[in-house]
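The next block holds one structure in the form of structure tokens; read it before the comments.
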Amino acid sequence: MLGRVNRLCRFLLVFVTTLGVFDNVMAIATISTNGSGNTPQKTEKASTNKPASRTSIHIVRTGKTPSTRPKIGLALSGGGARGLAHIGVLKALEENHIPVDYIAGTSMGSIIGGLYAIGYSPKDLEWVVQSVDWQRVFRPSVSRDKKNYQERQEEKNYFVDLEIGLSKHGPASGKGFAGGQQLMLELQRLVGSLSIKNFDDFPIPYRAVATDLNAAEPYVIDHGDLAMAMRASMAVPLVFGPVKYQGRMLADGGILDNLPVDVVRSMGADIIIAVNVASPLNTLDENSSILAATYQSVDVALIQNTIQSLQKADIVIAPKLKGLSAADFDKGPELIARGEQAVSDKSLVLNSLALPENDYLTHLEARNFLIQHVPKTIHFVRFSGNKRTATERLYSKARVLEGRNFNTADIQDMADALAAYNDIQTVTYRVAEDEAGNQGIEFVVKEKNWGPDYLKFGLKVADDFDSDTRISVLARHHRYNINRLGGEWINDFSVGNQIYWKSQLYQPLDYDNHRFAAFHVQAGKSSQRFYENGSPVGVYDLKELATGFDFGINLNEASELRGGLWYIDQNIVPVINNKEFPTAINNTVGIRFNYGLDTFDHSLFARQGTEFSTEAGLFDKVRWWRYDWNKRFPLGEQSTLHVGSKGAFSDNVAPDEVFVFWGGLEDFAGYPQDSLIGQNALLVELGGYTNLPSVKLPVFGSPRLIGLLHAGKVWQHHITFDNLLYGYLAGVSLNVANTVMFLGNGYTSDGDFRFYLRLGTGF
């Protein structure tokens, strides 16, 4: 009975408000037209300029002051990129002089609402949309330019985003495709350092709604770190991992309360405007995939709790967002415009809530932007939260900030650089003060809790549709921070056509990892066909055993130089047929030097940059030099030019010994894999690829067309440039993360016309 009375009272309040009657006092609604009747420009909060002339409904109140008007609360729903429409709603509400006294939001609604609550104007929020690098926010790992040379090479062979941790508690994995590092840094950039921790003391009292995963109930955050509150509210399952905050494990608030109408009412609002931007349900049928059904089952719960909240709101604004998805962050202006239009569509109801011009200016002026306390100069940097990662290592990288002026971009970049340490999950920051009263930056380090040993996986499947199918499953074990200098133990395994084990102990010799030493042990076997005149005549195993000790230097993040003493032994064992031939590398000892440079902007299909690796060996039984160089030049928005060359040359070898095994998709397409055997080889290639963004495929997205021309030769002993081999490779590639699927064909003169299928990593 009491609930029905409350609902009746709220209905009467809205009804009376709509008629322009307040506190039982008759109000007179007059329609006035000034000037041309154009829509006014937004009135800035601290400005005394009058807005442009417009057609409006003025409420003339008798015996009423602004302080006694009904309090208006705003509930903003989650919806991913669709939540950018909230900015348009706020913009239109201000243009129509409709005050907001309380605000609560979920997920993207919590971010837009939180920024507005601390003083951001709608114009400021439009700038936010343009300033945020949304691809960076949703990037699963640290940007490639922050990783060192070894880590960049690891990206090519293993699924970057699939990592299994091993500890005494058993195997575990990360908590989201994107760890939330970039999202948190962006929120900290926008929020800054606020001294006010009670959200009721904001210019507009504010609440962020998250889901307590252990209590199975909504959790309303009303105090603390604003950036962390918004981050917790937007911990979208399978996208961003949940966060531990205020003693709870929190995830996206939309799971249980996507439109927090009840929260706004409990704050003291008399009239609640609910803005719903949640995505509608898809239509499933018997042909729908399991994945689609799984996503739908999650969305059903979200839509259901949203519907229940809509029934409790006094006014509902639902922007028309058909055709716009939760991932369309690049369509901010359109989303904002649709939010504005949604307010215009509700003008008949909303205009009755408008304040007179002077009253609204007074209301805006009372909402001063909160003062953010930031140091003029960074006097120190310090760290908290790191246990396995030595503070000396972190400080050696971050100390360059000391003495600099406070610059958010510099601090964000440094946080990214620190998070590149592979044992660290996220690095955020806050302004801190030492005992002498000097201000500086404290980096808050969160190390991975699914270690300290980690496994990554890779896959290589190759088929030339000529009874030569090769499958290898790859795995990498990595143990970080085996000592305070950051020593690492790395083990690579392959099972299939290639069987190998490679182990490396990598030991930095200083805290900034400029100099290092490495000890290697490796053993492997690959099964290969032997060809004569283009036809297979046998099968042999190429076996290798090697061990060595290197010293090296990391010249910068993109390159390294190393060299040391090695023992290497190769031998060829016939499996089918008795064809025997010796290798040039046979039970030999010597010095090997390696140099690597990788400035590609992406590990797969880079659009720009250079990749170069070279190796020289000075051994008692053989000397060699080999190199691999690739250069990429962007052409327009979708295309890339590729220029490349690679070679392998040997010396001090007998005429019947072999050193190179070429042929196949990577070199001389049209020839069978590893069918060109000799002592020296050279290849040059020119081509490129272009993306087809207009074609959208499920899971894989847009395909990529690839075309390459090549020329070169493999020589058994003497190098001559007569009768070079010319050919091409063309096909279509699809990729998700590090997984590549390529289907195409190739031809080389004196070879054959072959089709190729490749699937996996490392291509």
Y728 and N745: CA distance, side-chain angles, deciding distance, side chain to side chain donor-acceptor pair (under 3.5 Å) verdict:
CA-CA 8 Å; Y728 77 90; N745 65 81; 2.7 Å; yes

Are V137 and V132 close enough, and set up right, to give a side chain to side chain contact (heavy atoms under 4.5 Å, CB included), and what steps lead you there?
CA-CA 8 Å; V137 166; V132 172; 3.7 Å; yes

Using side-chain contact (heavy atoms from CB on, under 4.5 Å) as the criterion, list what pairs up with Q608, not counting sequence neighbours.
D601, P634

Output for pair (N586 CG, T588 OG1), nearest 0.5 Å, gives 8.5 Å

For N148 and E151, indicate whether the former's side chain and the latter's backbone hold a donor-acceptor pair under 3.5 Å.
yes

D453 and R479 ion-paired at < 4.0 Å:
yes

Shortest non-hydrogen contact from D569 to N587?
OD1-N, 2.8 Å

For the CG atom of L474 and the CG atom of N157, what is their distance to the nearest 0.5 Å?
6.5 Å

Is there a side-chain contact between D667 and L676, using heavy atoms and a 4.5 Å cut-off?
no

Please lay out, stage by stage, how L555 and H514 fare under the test side chain to side chain contact (heavy atoms under 4.5 Å, CB included).
CA-CA 7 Å; L555 302 173; H514 178 61; 5.6 Å; no

So, do E685 and L683 sit near enough that their side-chain heavy atoms are less than 4.5 Å apart?
yes

What one should report as the nearest heavy-atom pair of V589 and F619 is C-CD2, 3.1 Å

Any donor-acceptor pair under 3.5 Å linking the side chain of T640 with the backbone of Y689?
no

Would you find a donor on one side and an acceptor on the other, under 3.5 Å apart, between the side chain of Q679 and the backbone of E657?
yes

Is any side-chain N of the basic residue among R592 and E615 closer than 4.0 Å to the acidic one's carboxylate O?
yes

Please say whether the positively charged group of R704, taken as NZ for Lys or CZ for Arg, lies over the ring of F605, i.e. under 6.0 angstrom from the six-membered ring centre and within 45 degrees of the axis.
yes

Assess the pair Y627 and W625: is the distance between their ring centroids shorter than 6.0 Å?
yes

Minimum heavy-atom distance Y671-Y756, with the two atoms named
O-OH, 3.4 Å

Evaluate the side-chain proximity of I572 to T583: yes if any heavy-atom separation is below 4.5 Å, no if none is.
yes

So, R144 and D598, do they make that salt bridge, N to O below 4.0 Å?
yes

Once you round to the nearest 0.5 Å, how far does OG of S675 lie from CZ of F668?
10.0 Å

Within the 4.5 Å heavy-atom criterion, are I706 and L729 side-chain neighbours or not?
no

Hey, is CG on D620 packed in by over 12 heavy atoms from elsewhere, all under 6.0 Å?
yes

Y158 versus G458, closest heavy-atom pair with distance:
CD2-N, 3.9 Å

Side chain to side chain donor-acceptor pair (under 3.5 Å) between N554 and N556: does it pass, once the steps are laid out?
CA-CA 5 Å; N554 288 302; N556 51 45; over 6 Å; no

Given 3.5 Å as the limit, does a donor-acceptor pair link the side chain of T748 with the main chain of A669, or not?
yes

List the atom of A420, the atom of K146, and the distance in Å for their closest heavy-atom pair.
CB-O, 3.5 Å

Charged N-O contact under 4.0 Å between D492 and K502
no

Taking Y149's backbone N and O only, do any of them form a donor-acceptor pair with E557's side chain (distance below 3.5 Å, no angle check)?
no

Does some side-chain heavy atom of W489 sit less than 4.5 Å from a side-chain heavy atom of Q504?
no

Under the side chain to side chain contact (heavy atoms under 4.5 Å, CB included) rule, what do W624 and D651 come out as? Steps first, then yes or no, please.
CA-CA 6 Å; W624 73 78; D651 186 31; over 6 Å; no

Apply ring pair (Phe, Tyr, Trp, His ring centres under 6.0 Å) to Y454 and Y480, showing your working.
CA-CA 9 Å; Y454 306 94; Y480 301 105; 5.6 Å; yes

So that I can tick it off, tell me whether R152 and E154 are bridged by a salt bridge, with the cut-off set at under 4.0 angstrom between side-chain N and carboxylate O.
no

Can we call the ring centroids of H602 and F600 under 6.0 Å apart?
no

Using modelled atom types and a 3.5 Å cut-off, is there a donor and acceptor pairing between side-chain atoms of D328 and backbone atoms of L324?
no

Whether the S702 and N691 side chains hold a donor-acceptor pair (N or O, under 3.5 Å, no angle test) is what I'd like checked.
no

Where N630 and H642 come nearest, the two heavy atoms and their spacing
OD1-CE1, 3.0 Å

Using a distance-only test with no angle check, is there a side-chain donor-acceptor pair under 3.5 angstrom linking D674 and W662?
no

Can you list every pair that meets salt bridge (charged side-chain N to carboxylate O under 4.0 Å, His left out) and has a residue in residues 631-641, with sequence neighbours left out?
none

Could you go through the side chain to side chain donor-acceptor pair (under 3.5 Å) check for W450 and Q425 one step at a time?
CA-CA 10 Å; W450 57 91; Q425 182 181 358; over 6 Å; no

Salt-bridge present (E666, K646; N to O < 4.0 Å)
no

Flag, side chain of Q153 to backbone of Q150, donor-acceptor distance under 3.5 Å:
no

Is a side-chain N or O of T614 found less than 3.5 angstrom from the main chain of R626, in a donor-acceptor match?
yes

Would you say E488's side chain and P508's backbone share a donor-acceptor pair under 3.5 angstrom?
no

Between S749 and Y726 (side chain of the first, backbone of the second, donor and acceptor by atom type, cut-off under 3.5 Å), is there such a pair?
yes

Atom pair CD1/CG of I719 and L682 - distance to nearest 0.5 Å
8.0 Å

One pair to check against side chain to side chain donor-acceptor pair (under 3.5 Å): N594 and R562. What are the steps and the verdict?
CA-CA 5 Å; N594 295 86; R562 62 169 71 194; over 6 Å; no

Would you give the length of the straight line joining atom OH of Y500 to atom OG of S494, rounded to the nearest 0.5 angstrom?
4.5 Å

Going by distance alone, is a donor N or O of one side chain under 3.5 Å from an acceptor N or O of the other, for N497 and S527?
no

Taking the six-membered ring for Trp, are the ring centroids of F755 and F753 within less than 6.0 Å of each other?
yes

Please determine whether side chain to side chain contact (heavy atoms under 4.5 Å, CB included) holds for the pair V732 and L705, giving the CA-CA distance in whole Å, both sets of side-chain angles, and the decisive distance to 0.1 Å.
CA-CA 5 Å; V732 179; L705 297 180; 3.7 Å; yes

Which residue pairs pass the ring-ring contact (aromatic ring centres under 6.0 Å, His included) test when at least one of the two sits in residues 522-581, sequence neighbours left out?
H520-W566, F530-F581, Y540-F581, F549-F551

Using the benzene-type ring in the case of Trp, are the ring centres of F516 and Y506 under 6.0 Å apart?
yes

Side chains of D145 and S143 only: does a donor on one sit below 3.5 Å from an acceptor on the other?
yes

dist R476:CZ -> E163:CD (nearest 0.5 Å) comes out at 11.5 Å

